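Scroll down for the structure; my scribbles are underneath it.
What you see is a predicted model, and the numbers here were worked out from it, not measured in a lab. Chain letters run A, B, ... following the sequence lines, proteins first, then strands; residues in each count from 1.
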Amino acid sequence: MTTRRTLLETGLALSAGLALPRIARGASPKVVVVGGGFGGGTAAKYVKKFLPAAEVTLVERDRQFVTCPFSNLVIGGLVKMEQITHGYDKIAKRGVEVVHDEAVAVDPVARKVRLKGGGVLDYDRLVLSPGIDLDYEGLPGYSEAAAEKLPHAWKAGPQTLLLKKQLEAMPDGGTVIIVAPNNPFRCPPGPYERAGMIAWYLKKNKPKSKILIFDPKETFSKQALFFESYEVLYPGMIQWIGGKQGGKVERVDPQAMTVEAGFGEEKGDVINVIPPQRAGKIAQLAGVTDEKGWCPIDPKTMESTKAPGIYVVGDACIAGAMPKSGTAANSQARNAAAAIAAALEGKPAPEPSYANTCYSVVAEGYGFSVTGVYGATPEGIKEIAGGVSKLKAPAKDRDLEAAYAVDWYRGIVHDAFG
Amino acid sequence: MGTQRIVLGLAGLVFSATTTGGAGWALAAPSVETITRNCVVCHGPKEAGQAEIPTLANYPAKKMAEMLAGFKADQKPATIMNRIAKAFSDEQIAAIAEHLGTK
Ligand SMILES: Cc1cc2nc3c(=O)[nH]c(=O)nc-3n(C[C@H](O)[C@H](O)[C@H](O)COP(=O)(O)OP(=O)(O)OC[C@H]3O[C@@H](n4cnc5c(N)ncnc54)[C@H](O)[C@@H]3O)c2cc1C
């Protein structure tokens, strides 16, 4: 079908000198970024910074971005929704063209992105940072419609407020169930931070209530720190049912308000279902996903191993030892931007340095973290050094880390959207 | 290429044979600009200081080198810098301090 046309186009482009770097031909190179979240915002900003001559277009569906980071704190009542909602004006002021539309197709050969609104964007380099899609079929009984009753709140916005409202409407003595997903998923410590923030709200308002976390996994991120914090802050309120105890949920029932697991059938007053996930759909449409639904990349540049010229950053990519976090997406995007700028100038890609930090805040004045510095190896991205906060640290350290979390938030929002 | 190669072991960790597929791997060193772009996320850009995390604006290079070396050796009190500083060789710490710090 399109093969002939695209081949022809490629042939023409080659004879016009595509073998030379764009810059050398005097044309301004075109970079399109799809997705204006942590990865995409950062990528657009830094490509423009590293290569001011580039025409950078950021395609984002929504006018405003509500961050998942700190959305658990909204649920707990420590932070307001407005405080985690950000616009794109500052990125636009930097000379990035921000287009509020949805990318619906990518032709990786002709190097074009088609938009829902009918537009077509040409690119020399494309960055995809679409985040995740929820795999509703991956959990029997769950669906987009069921999420109106059993919120996931794994994309921040109305779902966050729905979960918060349900908690506020719940009677004292009620049961909250959190259904945690298997690996890999967005924000490995997220479900357990959420349990802490829900407990923070319940302890003050509905102290007879309890929280059950159903989990198919046998271990999870910062597990010992979470357990220690639950014990210190919320004794007896939070129960974790891991894989060994039959924590894997086989089906949910939004009518009966139950979850079915090897552990037994459990009724909840509020049920937060975090379903399995895969890369955002546009990655699949662009042909850069693997059979499991995630995107393999070159660890040195973040360029897709499936389609040259397309770089995938953030939750959608397979980044070796790095977790799916906003900080990881931000750092991957900065390094990808440097690789793109180099490629467009006909230079070799610089050696990357990746970083991650995830603070978890489980009560006012109680935070802890996981952090890592990573490098590219032929076998993937590996951790050079890092680790988690000390167990049994003095209360002062937990208090400091909760305050540092706020600075981290301000800093990363500035780096990605400022 | 190989002007500035460091072996990861120097940076604090030697990967076991199982994680490296038999052969130890060497890593080309990222530039100091690349490394320090990761610091800004917590410390803020020079123009915008943070509330609690100390700013790195107008920070004397000599003191920064001492602090980073102290964090790396677990000799300075820290909640997180002890974990981050272990990623860098002594040469990288010197380069970071020179790049970010003031004379
Ligand atoms: C409850 C919770 C708490 C979290 N807390 C933290 C934390 O404390 N620290 C941390 O580092 N991370 C945290 N995370 C993880 C973090 O939110 C994600 O890892 C991060 O957002 C990933 O960035 P991204 O760019 O890949 O995707 P996103 O930030 O989700 O951005 C994707 C963007 O792409 C847009 N998009 C998708 N497809 C298209 C298309 N076809 N056309 C146009 N636009 C499109 C979407 O609208 C969206 O704005 C948390 C996550 C959750 C759920």
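Heavy atoms of A:Tyr354 lying under 4.5 Å from chain B belong exclusively to its backbone.
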> Yes or no on side chain to side chain contact (heavy atoms under 4.5 Å, CB included) for B:Phe88 and A:Val373, after CA distance, side-chain angles and deciding distance?
Replying inline: CA-CA 9 Å; B:Phe88 307 117; A:Val373 177; 4.3 Å; yes

> Should A:Arg334 and B:Asn38 be marked as a side chain to side chain contact (heavy atoms under 4.5 Å, CB included) after you check the CA-CA gap, both sets of side-chain angles, and the distance that decides it?
Replying inline: CA-CA 9 Å; A:Arg334 249 187 278 111; B:Asn38 291 322; 2.8 Å; yes

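Taking chain B as the reference chain and counting heavy-atom pairs below 4.5 Å, the highest number among A:Pro350, A:Pro352, A:Pro348, A:Gly380 is found for A:Pro352. The most heavy-atom pairs under 4.5 Å with chain A, out of B:Ile35, B:Ile80, B:Ile84, come from B:Ile80. Between chain B and the residues A:Asp397, A:Thr327, A:Thr357, the largest count of heavy-atom pairs under 4.5 Å involves A:Asp397. Taking chain B as the reference chain and counting heavy-atom pairs below 4.5 Å, the highest number among A:Gly386, A:Ser369, A:Gly372 is found for A:Ser369.
At most 12 non-hydrogen atoms from other residues, nucleotides or ligands lie less than 6.0 angstrom from CD of B:Glu98.
Minimum interatomic distance between B:Thr34 and A:Ser353 (heavy atoms only, all atoms of both residues): CG2-N, 3.5 Å. Here the closest heavy-atom approach between residue A:His414 and residue B:Pro45 is recorded as CE1-CG, 3.5 Å. The two residues A:Val388 and B:Arg83 make their nearest non-hydrogen contact at C-NH1, 3.3 Å.
Distance OG/A:Ser331 to CZ/B:Arg37: 11.0 Å, rounded to 0.5 Å. Rounding to the nearest 0.5 Å places CD1 of B:Ile53 at 11.0 Å from CH2 of A:Trp408. With rounding to the nearest 0.5 angstrom, the SG atom of B:Cys42 is 14.5 Å from the OH atom of A:Tyr409.
Residues of residues 400-407 of chain A placed with any heavy atom under 4.5 Å of a heavy atom in chain B are listed by number as A:Leu400, A:Glu401, A:Ala403, A:Tyr404, A:Asp407.
Side-chain contact check for A:Glu351 versus B:Ser31: every heavy-atom pair is 4.5 Å or farther apart. The shortest side-chain heavy-atom distance between A:Ile384 and B:Lys86 does not fall under the 4.5 Å cut-off.
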